[in-house]
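Nothing fancy with the numbering, it's 1 onward along the sequence.
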Amino acid sequence: MSAAINSEMTEWRRVHKEIERDIRQLRVEKSIVLDDLHQLQLQREEQRREWEREREAMEERRRGHVPFWGEARLLSTQCPGDRVRQYDAPMYNLLVEDDWHGMCMNTSMTVAGRTLASPHSCINYGLDAGVRGYWSIEVNTRECPRTIWDRVSHAASLDFMVVYLPSLS
């Protein structure tokens, strides 16, 4: 064989060996990458299961948790001109992550003997004072008479009894 062909063959063998070495190196690297990928998938699945357990624990805690109203308080004992009395009450057992306004507006309360579906407003005073609901309740004339004559007629109906005695003569 000629020297040029011999040189080409030697060069081809050298390149072929480099390609085989590179392919082996790529297979090793692929194996390492696949191992790393598999490890990351396992870690991701473990993290997902941990988050799922946390979510289930939170849901379990939420199912056992029910916000409730404290005792309603009359804001003023005087009868206002419009015969609407203002009450407020604190809300208890709210979790930090709760939607305080939604819970407040969707929790019923008995105020002045009346069960009301929701307050007319809710205010969050922060961690110190908490959430309070406010109700406006129209009262009847016996609870809050409109005029002095309402008061007199109410008092007369309670305190005085008119007795008719026919004359005996």
Hey, are E52 and R55 close enough for a salt bridge, meaning a charged N less than 4.0 Å from a carboxylate O? yes
In terms of heavy-atom contacts, I123 and W100 come closest through C-CZ3, 4.0 Å
**OP:** Give a yes or no on whether a salt bridge exists between R14 and E11, defined as a side-chain N under 4.0 angstrom from a carboxylate O.
**Re:** yes
### Message
Membership question, hydrophobic clusters at under 4.5 Å side-chain separation (ILVMFWY): are M105 and M103 in the same one?
### Response
no
- request: Flag the pair R53 and E56 as a salt bridge only when some basic side-chain nitrogen lies within less than 4.0 angstrom of an acidic carboxylate oxygen.
  value: no
One should read off an interatomic distance between Q41 CD and L34 CG, to the nearest 0.5 angstrom, of 9.5 Å
Output for pair (N106 CG, H101 NE2), nearest 0.5 Å, gives 9.5 Å
G133 and C104 have their tightest heavy-atom pair at CA-SG, 4.2 Å
Test your reading of the model: is there a side-chain donor-acceptor pair from S7 to the backbone of A3, 3.5 Å cut-off? no
The reported gap from CZ in R73 to CG in D88 (rounded to nearest 0.5 angstrom) is 4.0 Å
Value for CG (D22) from CD (Q25), rounded to nearest 0.5 Å, stands at 8.0 Å
Relative to the ring of Y125, is the ring of Y134 parallel (under 30°), tilted (30 to 60°) or perpendicular (over 60°)? perpendicular
So OG of S2 and CD of E8: to nearest 0.5 Å the spacing works out to 9.5 Å
Are side-chain heavy atoms of Q39 and Q43 found at a separation under 4.5 Å? yes
To the nearest 0.5 Å, atom CG of L74 lies from atom CD1 of I137 at 9.0 Å
Review point. Between E20 and R24, does a side-chain contact (heavy atoms from CB on, under 4.5 Å) hold up when you go through it step by step?
Key: CA-CA 6 Å; E20 285 179 340; R24 279 193 302 274; 3.8 Å; yes
| message | As a quick check of understanding, evaluate side-chain contact (heavy atoms from CB on, under 4.5 Å) for L116 and M109, giving each step before the final call. | response | CA-CA 5 Å; L116 305 169; M109 169 72 168; 5.5 Å; no
| said: For E71, I'd like to know if atom CD has over 12 heavy atoms of other residues, nucleotides or ligands within 6.0 Å. | reply: no
**Message:** Starting from V84, can I reach L75 by hopping between I/L/V/M/F/W/Y residues whose side chains sit under 4.5 Å apart?
**Reply:** no
Test side chain to side chain donor-acceptor pair (under 3.5 Å), reference E46, set R48, R44, R49, output is R49
Between W69 and the options W135, Y92, Y87, the ring pair (Phe, Tyr, Trp, His ring centres under 6.0 Å) test singles out W135
Should R132 and C122 count as side-chain neighbours, where that means a heavy-atom distance under 4.5 Å? no
Of all heavy-atom pairs linking N93 and V66, the shortest is ND2-O, 2.9 Å
*Are V33 and L42 connected, step by step, through hydrophobic side chains (Ile, Leu, Val, Met, Phe, Trp, Tyr) whose heavy atoms are closer than 4.5 Å?*
no
Shortest non-hydrogen pair, T107 vs P67, comes out as CG2-O, 4.2 Å
Residue pairs passing the salt bridge (Lys or Arg N to Asp or Glu O under 4.0 Å) test with at least one member in residues 26-39, sequence neighbours excluded, are none
